[in-house]
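Starting off with a structure, shown below.
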Amino acid sequence: MAKTTPNHTQAVSGWAALDSSGKITPYIFNRRENGVNDVTIKILYCGICHTDLHYAKNDWGITMYPVVPGHEITGIVVEVGSNVSNFKTGDKVGVGCMSASCLQCESCKNSEENYCDKVQFTYNGVFWDGSITYGGYSKMLVADYRFVVAVPDNLPMDRAAPLLCAGVTVFCPMKDNNLIGSPRQNIGVIGLGGLGHLAIKFAKAFGHHVTVISTSLSKEKEAKTKLGADDFIVSSDAQQMKSRHRTLDFILDTVSANHSLGPYLELLKIKGTFVIVGAPDKPMDLPSFPLIFGKRIVKGSMIGSIKETQEMIDICGKYNIMCDIEIITPDQINEAYERIEKNDIKYRFVIDIAGQSSKL
């Protein structure tokens, strides 16, 4: 399969993994010319998602090397195609996980293109022209305008970047379960990491009582004093878990480590809902009795559509919701990968692509 097509004439500096060692090194490649439906974006920042590590090391066996990761991208529009009317040069924009979909299927027509069978991702995907997509670990990106969102003026571009993946991942389950503009409910968040800390911020902004559920007692102070959580449960403490039996209306599970769902389901009220957004490598243990005897619902959720992503980031602008980040330079990516594997980050690394720590 061709990595580029004849119209890929723009040489771009980036950073790529060349093999399954996962080591990120400087890499020069070509992007397509700006087409009629495209916007060209000068990338300022790109967040690092754990997915980047999986692709860099071919953990899932689907990586097409060289791979340029990055799907939490913010930058400035520098060129627009003739069919583009909703963006102009100088606009602050973001690009998340998707670069293309079929635009014709039921999912696409219902603004659920993230569930399109032919959805293609911002990197390690195949674009409409047959070229392999390269992500945001690069100086510049050409994107179809239908897969670009506007970033509110009041959001700093560095702290907005992870919202394009982590933010919409936790926002959509809350929207789908009518937690925006609803009466105060008791919300549980399992895991306090990149996804979990944003889930707390959204749930509190929406006026709910938030309980953080974690294996680490050391995270209680952070959850309550810094992020505003109302309650904290150490999941390994049987007495704490028992004392919160049937107290939660909704639980969002952000943990990617293997764990049984049974003990957590017992925290839900009758007819409560449990949504999985973490992705453990192995099948999850899902006992039947907590479901049957509680009339509970378990379901999954994956990022969001472009319409939902725009709605999410607009809400972030309204409520001043931003990701807690650590800024790094491109030469620190490999070190950041090592720290992510050790869970040594609060709560997301963001690469300063432009090299100027822009205050935009």
Pair H71 and Y123, ring centroids less than 6.0 Å apart: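 Yes, they do, as the ring centres are separated by less than 6.0 Å.
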More than 12 heavy atoms of other groups within 6.0 Å of K269 NZ: yes
Face-on cation placement of R184 at F206 ring, 6.0 Å and 45° thresholds: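 R184 over F206 ring: no.
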Close aromatic pair by centroid cut-off 6.0 Å: Y145 and F87: no
ring-ring contact (aromatic ring centres under 6.0 Å, His included): pairs with one or both residues in residues 270-309, sequence neighbours excluded: F289-F293
Pairwise side-chain contact, R32 with F127, heavy-atom cut-off 4.5 Å (strictly under): yes
Side chains of Q332 and T329, donor plus acceptor under 3.5 Å: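 Looking only at side-chain atoms, T329 and Q332 do form a donor-acceptor pair, the distance falling under 3.5 Å.
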Side chain to side chain donor-acceptor pair (under 3.5 Å) partner of D324, chosen from R348, K346, K201: K201
Pairs meeting criterion side chain to side chain donor-acceptor pair (under 3.5 Å) with involvement of residues 293-304, two or more places apart: N177-K299
Distance-only donor-acceptor check, side chains H259 and D253, under 3.5 Å: yes
Between Y27 and W15, ring centroids under 6.0 Å: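 No.
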Audit row: H197, C323, side-chain contact (heavy atoms from CB on, under 4.5 Å) steps and yes/no: CA-CA 8 Å; H197 92 286; C323 190; 3.4 Å; yes
Contact check, side chains of R31 and L141, non-hydrogen atoms, under 4.5 Å: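 R31 vs L141: side chains touch.
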With sequence neighbours excluded, residues passing side chain to side chain donor-acceptor pair (under 3.5 Å) with H54: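 Checked H54 against side chain to side chain donor-acceptor pair (under 3.5 Å); matches are D59.
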